[in-house]
4 protein chains.
Amino acid sequence: MSSNQFGRVFCLTTFGESHGAAMGAVIDGCPAGVVWKQDLLEGFLERRRPGKSELTSARNESDRPQILSGVYEGKTLGTPIAMIIPNLDQRSQDYDPAKLKMRQGHATDLWQRKFGHSDPRGSGRASGRETVSRVLGGSVARMMVQQLFPEVRVIAFTESIGGICLSEDEISSAVTRLHSDTWAIDQQSARCPSLEKNAQIDELLRNAKISGESFGGTVNVRVLGLPSGLGQPVFGKLKNSFADALFSIGATTALEIGEGFAGSVKNGKQFHNSTQDYGGIRGGLSTGDPVSMRISFKPTSSRAEVAKSGRHDPCIVPRAIPVVEAMIWLVMADHILLSRLDRI
Amino acid sequence: MSSNQFGRVFCLTTFGESHGAAMGAVIDGCPAGVVWKQDLLEGFLERRRPGKSELTSARNESDRPQILSGVYEGKTLGTPIAMIIPNLDQRSQDYDPAKLKMRQGHATDLWQRKFGHSDPRGSGRASGRETVSRVLGGSVARMMVQQLFPEVRVIAFTESIGGICLSEDEISSAVTRLHSDTWAIDQQSARCPSLEKNAQIDELLRNAKISGESFGGTVNVRVLGLPSGLGQPVFGKLKNSFADALFSIGATTALEIGEGFAGSVKNGKQFHNSTQDYGGIRGGLSTGDPVSMRISFKPTSSRAEVAKSGRHDPCIVPRAIPVVEAMIWLVMADHILLSRLDRI
Amino acid sequence: MSSNQFGRVFCLTTFGESHGAAMGAVIDGCPAGVVWKQDLLEGFLERRRPGKSELTSARNESDRPQILSGVYEGKTLGTPIAMIIPNLDQRSQDYDPAKLKMRQGHATDLWQRKFGHSDPRGSGRASGRETVSRVLGGSVARMMVQQLFPEVRVIAFTESIGGICLSEDEISSAVTRLHSDTWAIDQQSARCPSLEKNAQIDELLRNAKISGESFGGTVNVRVLGLPSGLGQPVFGKLKNSFADALFSIGATTALEIGEGFAGSVKNGKQFHNSTQDYGGIRGGLSTGDPVSMRISFKPTSSRAEVAKSGRHDPCIVPRAIPVVEAMIWLVMADHILLSRLDRI
Amino acid sequence: MSSNQFGRVFCLTTFGESHGAAMGAVIDGCPAGVVWKQDLLEGFLERRRPGKSELTSARNESDRPQILSGVYEGKTLGTPIAMIIPNLDQRSQDYDPAKLKMRQGHATDLWQRKFGHSDPRGSGRASGRETVSRVLGGSVARMMVQQLFPEVRVIAFTESIGGICLSEDEISSAVTRLHSDTWAIDQQSARCPSLEKNAQIDELLRNAKISGESFGGTVNVRVLGLPSGLGQPVFGKLKNSFADALFSIGATTALEIGEGFAGSVKNGKQFHNSTQDYGGIRGGLSTGDPVSMRISFKPTSSRAEVAKSGRHDPCIVPRAIPVVEAMIWLVMADHILLSRLDRI
């Protein structure tokens with residue numbers, strides 16, 4: 001069963017074990033004529049790359065993508081777009097199998113029981129490195145979506161880590177500032193838009209890296225400029241597509257769309273008169289208003305042994321942001337194409 | 001595009017507009033040999049039926065299902081199982097189109113713009129009545145799952161409505177009591193397992209029905225007895241299947257699996273040492289431990305005009321519970337079958 | 001697994017056992033705004049109905065379709081279109097299980113071994129009655145295709161039965177005559193367009209009905225007015241979609257597209273200079289020229305016992321023609337919608 | 001839309017343009033634990049390789065596959081298996097675009113009109129080189145099928161080319177001899193099992209290569225040892241899966257399963273008493289008896305200009321045989337897995 005496939009018409013298949021030969025992605029269903037933006041692709045990958053800052057794991061990968069098919073003379077062909085990234089840095093000796101079994105929250109034992117045969121090196125297919133394929137796919141999705149709707153933006157940033165949390169004002173301010181350059185958030189080491197909170201988080205994570213501690217956190221997402229009417233009844237609503245996409249990321253544990261849990265304690269008058277406009281999704285369809293979401297990530301494993309090897313993040317949240325964005329672009333690409341089938 | 005289809009091998013297609021001839025469901029992919037339990041099916045439908053208590057809308061429907069195919073001499077045939085429920089009570093004159101446009105949180109305007117042609121009567125396909133098809137499907141999923149794994153249980157109950165919320169102790173106690181009879185929760189008018197809190201909610205909703213007010217709330221879910229190893233990498237994890245399923249329900253706005261947002265403020269030591277065991281899902285796979293989830297529902301529309309017609313609920317939460325359960329059974333049926341393909 | 005589903009975006013799911021409550025079809029993926037033509041639907045069904053002529057089996061069914069959903073005020077809604085036809089004439093006592101096991105070419109034994117539980121009455125799901133659902137689906141496909149491309153025609157007629165075969169001239173003449181009224185072929189008892197050959201076949205089949213003999217034959221198909229460029233690389237070519245569709249009909253045993261086997265003995269000069277223009281499909285895509293196909297059907301079962309019951313056709317070919325047409329309309333509807341995704 | 005994907009659970013996605021960086025295949029849905037047979041894979045590829053004999057085009061490719069993922073320590077992991085073959089020999093200067101437009105039977109013009117942007121070099125995605133990906137997929141399918149059912153055999157050979165055709169006796173004799181070593185057919189230059197007929201075909205094709213002539217032909221296929229009960233009602237019959245698979249190969253124009261057209265002129269007594277046992281498929285399901293098929297291929301393009309470049313085959317039939325086999329293994333792998341879902 002194609003369980004490594006996402007999207008119904010803009011269809012991404014990913015492959016690769018973290019210590020195998022390569023990670024990769026095949027997009028089957030990207031229309032012909034999408035202008036290829038190699039710099040966008042490489043920039044997006046660079047954002048996900050580990051070892052960028054001192055806060056993240058030290059794995060040093062060039063992550064240079066190879067485009068194997070589907071692109072010719074600067075435009076997509078309408079044929080499958082295959083992209084791979086060789087796994088250059090495969091220090092599997094870093095991973096002592098005996099220790100691996102003890103990595104908290106990981107599932108090597110479950111995989112072994114399920115499949116009867118598994119690749120224990122760096123969690124194999126279950127490694128966070130898998131997400132590089134999502135960024136490959138999401139980059140192409142972004143090329144397509146923005147060629148059709150240049151005003152679409154995805155803004156995502158760290159809202160909280162280890163309990164250090166942005167205020168509502170800080171969030172609003174961040175959304176406004178990031179609108180003109182969504183990747184400006186990368187200038188903050190923890191991708192938190194408040195200088196003050198980012199500094200606090202930075203210090204928390206530096207200490208955690210030394211002590212072997214780890215933290216979870218939340219990511220705030222806004223999707224702007226989305227055309228109205230995206231989404232399909234009944235099981236293809238925009239909101240369950242986003243949920244499917246975001247919960248498929250390894251460490252996610254919760255999702256709010258629009259007001260989420262806060263809305264559940266309001267009465268109808270308060271709720272329906274609020275300005276959030278249902279988080280940009282009403283009846284499962286995009287309204288044309290901004291879509292707002294909040295995603296929770298659990299703490300990564302925290303064993304001192306792992307920390308010493310220098311290969312694991314004390315917190316996944318900052319690096320998860322490009323992955324979150326990629327999944328959102330994939331959902332939008334899929335629904336934009338699907339909406340072409342709405343009417344005769 | 002088959003957007004009205006859920007599940008990849010245990011595949012449910014639903015159809016029906018609220019004021020059309022019938023609602024229905026076709027299951028393509030239920031194995032042969034599932035013992036048919038008509039009482040289970042009818043009981044499940046009865047639980048979802050509006051007009052059961054004074055707290056819910058007054059639409060009076062017999063909801064007698066007709067089995068059109070796929071079942072013979074008390075067992076499934078392995079062929080598509082088609083079931084319909086005629087729409088007997090089609091008082092479309094209750095719905096003045098002019099007023100309908102004003103129903104808060106509904107999407108009649110978006111549907112009309114999207115499709116260019118829509119059925120405005122009772123929200124048409126977007127009506128909550130659509131969920132009766134999910135219960136049809138979920139009932140058959142439950143027959144299959146429990147024939148294979150008799151110990152599987154889905155416990156779901158109202159955790160909060162309008163801010164009246166169960167304590168942790170009340171939740172634990174409810175889970176214990178409901179284990180032996182998951183549908184015992186129906187004895188409470190608001191499906192809240194605390195007598196005291198249920199009484200408070202009952203009063204809140206009686207008043208709301210009169211005043212035209214409405215409320216949101218949360219549902220707490222436990223899945224017990226699930227075999228370990230269900231779920232598929234990478235985009236077919238058990239958790240994103242649950243998320244996809246639950247966010248496809250009209251009024252859901254948030255989902256937590258395991259500790260959810262609470263886990264995001266813990267450090268790794270606290271989190272990984274907690275007893276929740278990752279909400280029963282680790283690395284995307286079921287662990288064999290109980291799966292715990294919390295779902296948020298937004299308040300329904302609250303206009304006095306609508307309330308007067310006597311056809312709308314002041315709160316969707318109590319009636320959403322069987323729908324939540326149905327979606328969870330569907331996810332389990334799908335993943336149990338998928339796991340047959342794991343190994344050679 | 002949804003094995004009772006055909007089409008990737010214009011997606012038909014069929015259900016029903018021949019002696020169950022009803023046969024049915026659900027189309028998920030028909031765009032909104034298709035003008036509903038009830039007369040077209042009923043006319044198409046009438047053409048497939050058994051018992052129409054003395055040459056076919058005597059099962060007397062009204063085949064009145066009930067539209068359950070997806071159509072409102074004369075147009076499709078973009079929601080699933082569910083249609084059923086009750087099985088009124090369920091004389092299952094005609095079928096002695098012991099005899100059924102001996103029906104040649106049928107697969108009751110294989111179904112029983114495969115599924116462990118099967119409906120033996122009238123072959124159950126494997127009955128030819130299953131094809132009524134295809135006609136339901138094909139009718140809607142035709143409504144959609146002809147609304148978009150009014151000039152599209154499907155011409156299908158009996159080319160040979162029991163070795164009585166049309167000449168090339170008779171075929172050409174038939175295609176010309178049927179162009180303006182494709183269903184004019186129904187005026188011939190065996191749907192053979194030559195008066196002389198039809199009379200010969202008519203006599204052959206009358207005698208066969210008495211003696212319990214049976215015959216196979218071939219159907220010639222032309223698709224006219226198809227826009228160019230339909231079909232998708234690599235596994236979604238128009239030709240393999242047609243093949244998939246036509247070989248899914250129970251009694252088909254062979255298919256030629258364009259020159260077929262005759263082309264295999266030509267050299268390239270002869271072949272590529274011929275006027276058939278590759279049967280209207282080149283490189284897997286429609287060229288805009290007529291598509292020509294020839295389909296072979298095996299003889300039906302021939303036991304005298306069965307013949308006496310008066311319920312079985314001495315030849316399936318004349319009645320298969322509307323089914324062939326329906327499948328072709330379904331393929332076209334699917335590919336027309338798919339082609340909307342070709343370009344950005 | 002994933003039009004480059006074949007199979008519903010054993011799911012192959014192919015990619016690559018003939019003059020792009022690489023051809024490739026991703027299999028999503030191969031179970032864990034399949035013993036990897038690198039020699040089988042390389043041997044299968046070697047059989048398809050052009051330039052092997054003087055009868056085929058001179059393109060010289062090593063076709064060394066790189067396994068990028070999904071295989072670890074000699075067994076499949078249950079994760080996607082990605083394989084690529086770099087396009088080493090990309091002499092695109094051989095292809096003058098002006099001439100390409102004239103290649104008979106090709107569809108460069110249709111692709112350009114359809115997609116608005118296409119890769120004209122060597123037909124791009126529409127090149128016969130695309131089939132190397134099918135052999136990659138078919139090899140893995142064969143590993144899986146034969147691990148489960150070691151006795152399954154696919155015998156395929158040239159039955160006719162340019163009108164030089166095997167007799168029934170020669171066919172029977174070939175099937176018997178090839179049973180113990182299905183690839184022994186490769187010892188014949190034209191993969192025709194009769195020494196005499198092969199010599200005639202060899203001479204025909206040598207002359208054709210010089211003169212720029214081309215020929216079509218037919219391939220005879222037998223599938224032996226297939227377990228009974230494979231195939232799914234109604235649209236997933238084994239026969240329409242084979243038809244879908246085989247008609248997706250570029251040059252196929254016709255298919256017979258079992259007696260095919262010859263059966264259409266028999267009466268029922270003759271047909272049902274014949275020993276062919278319905279070509280091994282009854283009611284859409286495998287019977288356990290040998291499945292017999294005959295496939296027609298059209299002549300390749302025949303222009304002298306193309307011939308001079310030395311890169312095109314005068315006949316596709318001998319080289320198509322491994323591709324036919326690959327598609328049949330893929331169908332079997334898919335249906336074997338699907339049958340695990342038949343019963344509870």
Side-chain angles (χ1 to χ4, degrees), chain C residues 1 3-6 8 14 104-107 110 113-116 125-126 130 162-163 213-218 229 232-237 239-240 243-244 247-248 253-258 260-261 263-269 271-272 278 282-283 285 296-299 302 338 341-343, chain D residues 1 3-6 8 14 104-107 110 113-116 125-126 130 162-163 213-218 229 232-237 239-240 243-244 247-248 253-258 260-261 263-269 271-272 278 282-283 285 296-299 302 338 341-343:
Chain C
M1 199 66 202
S3 299
N4 297 270
Q5 194 169 79
F6 187 83
R8 292 189 303 158
T14 71
Q104 295 167 321
H106 281 249
L110 293 171
R113 269 215 305 276
K114 179 183 182 70
F115 292 112
R125 179 76 181 135
E130 162 264 322
E213 189 48 271
S214 67
F215 292 98
T218 57
Q232 297 290 331
V234 174
F235 297 120
K237 293 186 173 81
K239 67 176 183 152
N240 62 291
D244 188 15
F247 270 100
S248 77
T253 57
L255 171 67
E256 295 183 309
I257 299 184
F261 285 105
S264 78
V265 297
K266 290 187 177 172
N267 65 33
K269 284 203 184 65
F271 182 82
H272 293 284
Y278 308 102
R282 191 152 43 89
L285 306 180
S296 171
F297 290 85
K298 67 180 178 187
S302 62
L338 281 168
L341 309 175
D342 289 345
R343 298 186 186 204
Chain D
M1 197 68 203
S3 299
N4 297 270
Q5 195 169 77
F6 187 83
R8 293 190 302 160
T14 71
Q104 296 167 318
H106 281 248
L110 293 171
R113 269 216 303 276
K114 180 182 182 70
F115 291 112
R125 179 74 180 136
E130 162 265 323
E213 189 49 272
S214 67
F215 291 99
T218 57
Q232 297 291 329
V234 174
F235 297 119
K237 294 186 172 83
K239 66 177 183 150
N240 61 292
D244 188 15
F247 269 99
S248 78
T253 58
L255 170 67
E256 295 183 310
I257 299 183
F261 286 105
S264 78
V265 297
K266 291 187 176 172
N267 65 34
K269 284 204 182 64
F271 181 82
H272 294 284
Y278 308 101
R282 193 152 41 90
L285 306 180
S296 170
F297 290 85
K298 67 180 178 187
S302 61
L338 281 168
L341 309 176
D342 290 345
R343 298 185 184 206

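Here is the naming used below: chain letters follow the sequence lines, and residue numbers restart at 1 for every chain.
A donor-acceptor pair is defined here as one N or O able to donate and one able to accept, closer than 3.5 Å; no such pair exists between the side chain of D:Glu256 and the backbone of C:Thr253. The main-chain N or O of C:Val234 is found under 3.5 Å from a side-chain atom of D:Asn4 such that the two form a donor-acceptor pair.
Heavy atoms of D:Lys239 lying under 4.5 Å from chain C belong to its backbone as well as its side chain. Contacts of D:Phe297 with chain C are made by backbone atoms alone, with heavy-atom separations under 4.5 Å and no side-chain atom involved. In this structure, chain C has heavy atoms under 4.5 Å from both the backbone and the side chain of D:Arg113. Heavy atoms of C:Leu338 lying under 4.5 Å from chain D belong exclusively to its side chain. Heavy-atom distances place the backbone of D:Gln5, and not its side chain, under 4.5 Å from chain C.
Interface check for chain D: of the options C:Ala126, C:Ala243, C:Pro299, the most heavy-atom pairs under 4.5 Å are formed by C:Pro299. Between chain C and the residues D:Gly263, D:Gly229, D:Gly260, D:Gly236, the most heavy-atom pairs under 4.5 angstrom are made by D:Gly260. Counting heavy-atom pairs under 4.5 Å between each of D:Ser3, D:Gly216, D:Gly162 and chain C puts D:Ser3 at the top. Ranked by non-hydrogen atom pairs under 4.5 Å with chain C, the options D:Thr14, D:Thr218, D:Ile257 are led by D:Ile257.
A pairwise comparison of heavy atoms in C:Ser264 and D:Ser296 identifies CB-OG, 3.3 Å as the closest pair.
Taking NZ from D:Lys298 and CZ from C:Phe261, the interatomic distance works out to 15.5 Å, rounded to the nearest 0.5 Å. If you take CZ on C:Phe235 and CG on D:Asp244, they are separated by 9.5 Å, rounding to the nearest 0.5 Å. C:Arg282 contributes atom CZ, which lies 4.5 Å from atom CG of D:Leu110 (distance to the nearest 0.5 angstrom).
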